[in-house]
Amino acid sequence: MAEAKNAPEARETQNFIEVAVASDRAAGRFDGRVHTRFPPEPNGFLHIGHAKAICLGFSLAETNEGLTNLRFDDTNPIKEESKYVEAITEDVRWLGYEWGDRLYYASDYFEQLYEWAVKLIEAGKAFVCDLSAEEIRAHRGTLTEPGIESPFRNRSVDENLDLFERMRGGEFEDGSRTLRAKIDMASGNLNLRDPVMYRVLHTSHHRSGDQWCIYPTYDWAHGQSDSIEGITHSTCTLEFENHRPLYDWYLDALGVHHPRQIEFAPLNLSNTILSKRKLLQLVNDGHVSGWDDPRMPTLSGMRRRGFPPTSIRTFCGMIGVGKQASLIELAQLEFCVREDLNRTALRRSAVLRPLKVVIENYPEEQEEKLEAINNPEDDAAGTRKVPFSRELYIERSDFMEDPPKKYFRLGPGREVRLRYGYFIRCVGFEKDERTGDVVELRCTYDPETRGGHAPDGRKVKGTIHWVSARHAIEATVRLYNSLFACPDPGALGDAFLGALNPDSVETIHGARVEPSLAEAEVGLPYQFERQGYYCKDSVESKRGALVFNRTVSLRDSWAKIVKKARASRR
RNA sequence: UGGGGCGUGGCCAAGAGGUAAGGCACCGGAUUUUGGUUCCGGGGAUCGUAGGUUCGAAUCCUACCGCCCCAGCCA
């Protein structure tokens with residue numbers, strides 16, 4: 001397959017992380033090894049923001065003869081479920097990445113983490129604290145005032161060891177005690193004000209079951225998990241920059257392998273939201289049909305919507321990686337999708353809003369098969385035959401009773417080409433007397449123009465798509481638009497629901513599509529000519545009740561002209 | 001008035017002392033049996049601001065300004 005010109009490999013510049021890794025390699029740091037990881041928490045589905053992190057992590061390893069692990073940071077049994085680990089592994093694989101036999105879980109390290117915690121207690125660097133959550137907060141101080149040390153901070157090593165063991169043993173209630181690192185209650189970095197390492201949680205875990213009733217916090221588990229796996233470069237988003245000094249402190253206190261953490265700006269995409277918490281809310285409150293709703297920015301939603309994984313990778317490669325907070329326009333993603341689909345999608349004819357056309361001089365019982373090209377961008381895709389007959393359907397928008405100057409389609413007395421068919425001329429039309437709607441077109445065809453060429457060299461400005469009425473099959477088509485109506489719904493905070501786009505989906509029943517689409521395959525992209533890219537819905541499409549999702553429309557310069565004309569008329 | 005980051009065209013993003021890449025978007029035009037694709041071409045940034053160093057600064061220094069993150073026993 002031809003590589004997209006914007007594929008990561010095609011870039012001539014390196015981002016700052018690639019530069020940092022390359023210089024580490026050149027300097028022989030970590031013995032020249034590069035080993036990255038993608039560490040999701042199984043508490044929701046992956047979205048395109050995660051794709052950016054995945055592409056970064058895996059490509060960093062790929063270009064440096066290194067490896068990438070997939071590790072679930074499953075330290076909070078309250079929010080995590082195995083259904084999420086299944087969805088996540090499927091999504092990473094779909095994106096096109098492999099982790100070999102290196103699928104890990106932070107929960108696999110619970111015993112090791114416990115032992116290390118004991119080690120810190122023995123070194124006088126951690127203590128069991130009896131303060132409640134509220135009390136800990138009150139002791140923490142504020143952004144501008146130092147905190148106050150816990151009254152339990154100076155317990156003896158023996159007492160701490162005894163208490164910690166009994167925490168593990170299940171003697172204490174949830175929230176009654178924590179194990180805390182003894183660092184600095186006056187630090188300007190709040191993460192260093194004696195952070196909690198363990199909390200009591202009598203909750204069963206999706207993998208370790210009821211083996212534990214104390215669980216490590218993310219901060220205590222994350223850095224050490226990377227260390228255990230021998231990770232060399234830990235990439236993560238900007239909000240963890242403040243945590244790096246803490247991870248450094250833990251790793252140094254333990255004297256274990258110390259990866260280099262590098263933070264980058266998380267992806268923000270216009271007209272959508274990339275916050276797991278908010279996405280969960282959309283799912284739970286029924287604003288969407290599920291995590292895989294085609295309007296969702298989740299990888300499963302985008303897959304169902306018809307986005308090729310390669311286009312997502314291209315996108316991640318072209319937006320760059322930096323530390324600047326940014327909001328990428330949806331148009332940039334759509335560009336990548338169209339560029340990909342234009343090369344790969346099979347062209348088909350589908351009439352979304354049918355208008356009947358009767359070819360008056362075409363014999364009643366006659367029908368024939370016309371040859372149509374499957375993909376003009378790919379000769380190997382070959383051709384197919386489409387049936388033609390006296391009665392057809394064309395798009396309602398391809399006829400105007402009183403067309404403006406630059407309208408190239410059908411109008412009274414006008415002639416157009418039916419794609420891969422004949423030239424037809426409109427000789428009359430019928431209207432519904434009540435509504436005034438045009439309900440049927442009367443046309444004549446020129447038998448000499450079969451296939452769309454006029455032997456006399458006659459030119460026609462417009463080419464429109466069509467389906468044979470008697471052969472076409474009905475389908476439901478969903479036209480998707482952005483989930484949110486404003487560019488940056490995230491800026492609205494918890495009021496983001498107010499910005500939901502009421503027109504994020506328009507469902508069309510009774511569309512007529514060419515017969516070959518009866519055999520449409522889930523997972524294959526189709527271009528409905530002159531309209532856009534579509535895919536058969538993987539969930540709701542049934543034999544005899546086809547459902548297609550619009551992935552993205554084709555660029556439409558006519559729509560621009562119309563829009564501009566309207567604007568200038570005002 | 002704590003700590004940590006970041007400020008280059010509408011949106012992204014290279015450049016790291018030698019006189020502003022590239023992509024998306026936008027606007028023209030050519031080609032076209034998709035008003036698609038492709039192909040040409042175009043407009044638009046003195047690089048947050050003000051000083052300073054230098055023959056020369058987006059790049060170095062100083063001071064301001066603005067934006068983001070942090071007060072979960074979430075990750």
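The chains referred to below are lettered A, B, ... by the order of the sequence lines, with proteins before strands, and numbering in each begins at 1.
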Any side-chain N or O of [X] under 4.0 Å from OP1/OP2 of [N]?
| X | N | result |
| --- | --- | --- |
| Thr13(A) | rG22(B) | no |
| Arg199(A) | rA75(B) | yes |
| Arg193(A) | rC70(B) | no |
| Thr75(A) | rA75(B) | yes |
| Lys323(A) | rC68(B) | no |
| Arg177(A) | rC73(B) | no |

Choose from [options] the nucleotide whose nearest atom is closest to any side-chain atom of [X].
| X | options | value |
| --- | --- | --- |
| Glu80(A) | rU34(B), rA75(B), rG28(B) | rA75(B) |
| Arg530(A) | rA75(B), rG35(B), rG36(B) | rG35(B) |
| Glu241(A) | rG4(B), rU34(B), rG35(B) | rG4(B) |
| Glu377(A) | rA71(B), rU37(B), rU34(B) | rU37(B) |
| Gln332(A) | rC24(B), rC73(B), rG4(B) | rC24(B) |
| Ser132(A) | rC24(B), rC73(B), rC6(B) | rC73(B) |
| Ala331(A) | rC27(B), rA75(B), rA25(B) | rA25(B) |
| Leu190(A) | rC69(B), rG2(B), rG36(B) | rG2(B) |
| Phe240(A) | rA75(B), rG72(B), rC70(B) | rA75(B) |
| Gln324(A) | rG7(B), rA71(B), rA25(B) | rG7(B) |

May I ask you to say what [X] touches in the nucleic acid, namely base, sugar-phosphate or nothing, with a heavy-atom cut-off under 4.0 Å?
| X | result |
| --- | --- |
| Ile136(A) | base |
| Glu334(A) | nothing |
| Tyr407(A) | base |
| Val321(A) | sugar-phosphate |
| His453(A) | base |
| Leu179(A) | nothing |
| Arg419(A) | base |
| Ser557(A) | sugar-phosphate |
| Arg180(A) | nothing |
| His243(A) | base |
| Leu143(A) | base |
| Lys459(A) | nothing |
| Lys461(A) | nothing |
| Pro40(A) | nothing |

Using the [atom1] atom in both, what is the distance from [N] to [M], to the nearest Å?
| N | M | atom1 | result |
| --- | --- | --- | --- |
| rA50(B) | rG9(B) | P | 15 Å |
| rU62(B) | rC6(B) | P | 16 Å |
| rG43(B) | rU38(B) | C1' | 23 Å |

(message) Defining pairs by Watson-Crick or G-U wobble geometry with both distances under 3.5 Å, how would you list the stems of RNA chain B with at least three pairs each?
(response) B:2-7 with B:65-70, B:10-12 with B:22-24, B:26-30 with B:38-42, B:48-52 with B:60-64
Would you please classify the geometry between the [Y] ring and the [X] ring as parallel, tilted or perpendicular, with 30° and 60° separating the classes?
| X | Y | value |
| --- | --- | --- |
| Phe388(A) | Tyr445(A) | tilted |
| Phe164(A) | Tyr114(A) | parallel |
| Tyr218(A) | Phe240(A) | tilted |

(request) Determine whether the aromatic ring centres of Phe528(A) and Phe548(A) lie less than 6.0 Å apart. (result) yes
(message) Looking at Asp226(A) and Arg71(A), is any side-chain nitrogen of the basic one under 4.0 Å from a carboxylate oxygen of the acidic one?
(response) yes
(request) Identify which one of Lys461(A), Lys459(A), Arg409(A), Arg425(A) satisfies the salt bridge (Lys or Arg N to Asp or Glu O under 4.0 Å) criterion when paired with Glu415(A). (result) Arg425(A)
(request) Let me know which of Arg153(A), Arg180(A), Arg155(A) forms a salt bridge (Lys or Arg N to Asp or Glu O under 4.0 Å) with Asp130(A). (result) Arg155(A)
(message) Going by centres under 5.5 angstrom and planes under 30 degrees, do the aromatic ring of Trp558(A) and the base ring of rG35(B) stack?
(response) yes
Please evaluate the base of [N] for a donor-acceptor partner in the side chain of [X] within a cut-off of under 3.5 Å?
| X | N | result |
| --- | --- | --- |
| Arg137(A) | rG72(B) | no |
| Asn242(A) | rG3(B) | yes |
| Arg338(A) | rU37(B) | no |
| Glu145(A) | rG2(B) | no |
| Gln531(A) | rU34(B) | no |

Is there a side-chain contact between [X] and [Y] (heavy atoms, below 4.5 Å)?
| X | Y | result |
| --- | --- | --- |
| Phe172(A) | Leu163(A) | yes |
| Trp466(A) | Tyr393(A) | no |
| Asp340(A) | Pro308(A) | yes |

(request) For Ser176(A) and for Gln14(A), locate the closest nucleotide of RNA chain B by heavy-atom distance; then report the residue assigned to the nucleotide nearer the 5' terminus. (result) Gln14(A)
(request) Map Arg244(A) and Lys79(A) onto RNA chain B by nearest heavy atom, then report which one ends up closer to the 5' terminus. (result) Arg244(A)
(request) Using side chain to side chain contact (heavy atoms under 4.5 Å, CB included) as the criterion, list what pairs up with Thr142(A), not counting sequence neighbours. (result) Thr144(A), Glu145(A)
(request) State the syn/anti category of rG9(B) according to its glycosidic angle, syn meaning within 90° of 0. (result) anti
